[in-house]
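Encoded as structure tokens, the structure appears first; notes follow it.
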Amino acid sequence: IYVGTLMEQIRPLANEAVMHYAWCQRRLAALGDDSDWLAWRAYCVERGQEMIEVYGLAPIEEEPPAELEDPPDAEPVPPS
């Protein structure tokens with residue numbers, strides 16, 4: 001009973017985490033494969049997949065909510 005209740009409570013948080021990792025991946029993919037951010041894009045993909053596998057979730061294919069969208073002129077700062 002405990003594990004089932006715990007998973008029931010954690011699943012919404014895990015879904016949100018997957019959505020954020022998917023947003024991260026899409027945002028960094030727009031920078032191209034030559035970007036300094038390529039390693040971080042891979043990190044976002046791996047962590048998102050891990051969340052999907054661990055919590056038995058379906059991959060997120062929908063558009064991110066408006067609060068996750070960047071303004072058109074927003075550019076990530078390359079890692080130093």
Side-chain angles (χ1 to χ4, degrees):
I1 294 175
Y2 174 77
V3 174
T5 302
L6 181 62
M7 289 299 284
E8 183 180 305
Q9 296 300 311
I10 290 176
R11 186 160 278 126
L13 297 173
N15 275 324
E16 189 168 337
V18 170
M19 184 176 58
H20 287 280
Y21 282 125
W23 173 85
C24 169
Q25 185 273 330
R26 284 192 298 269
R27 177 74 173 113
L28 297 178
L31 299 176
D33 291 342
D34 296 328
S35 169
D36 291 338
W37 288 89
L38 186 60
W40 286 103
R41 186 172 95 197
Y43 173 84
C44 294
V45 170
E46 290 167 10
R47 294 295 73 79
Q49 286 296 333
E50 182 178 20
M51 296 296 289
I52 290 168
E53 291 168 11
V54 168
Y55 294 101
L57 306 173
I60 301 293
E61 296 181 15
E62 61 195 39
E63 287 299 312
E67 65 265 15
L68 291 182
E69 293 180 9
D70 288 322
D73 59 347
E75 290 292 326
V77 178
S80 32

Salt bridge (Lys or Arg N to Asp or Glu O under 4.0 Å) partners of residues 42-52, not counting sequence neighbours, each pair once: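 Pairs touching residues 42-52 that pass the test: R47-E50.
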
Heavy-atom pair of closest approach, residues V18 and G48: CG2-O, 4.0 Å

Nearest heavy-atom neighbours spanning V45 and Q25: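 In this case the closest contact between V45 and Q25 is CG2-CG, 3.1 Å.
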
Ring geometry between W40 and Y43 (parallel below 30°, tilted from 30 to 60°, perpendicular above 60°): perpendicular

Set of side chain to side chain donor-acceptor pair (under 3.5 Å) partners for D34, sequence neighbours left out: none

Pairwise distance CG(D36) to CZ(R41) - rounded to 0.5 angstrom: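 If I round to the nearest 0.5 Å, the distance is 13.0 Å.
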
Show me the donor-acceptor pairs within less than 3.5 Å that the side chains of residues 2-12 make with the rest of the protein, sequence neighbours left out.
{"residue": "T5", "atom": "OG1", "partner": "I1", "partner atom": "O", "Å": "3.0"}
{"residue": "R11", "atom": "NH2", "partner": "Y55", "partner atom": "O", "Å": "3.0"}

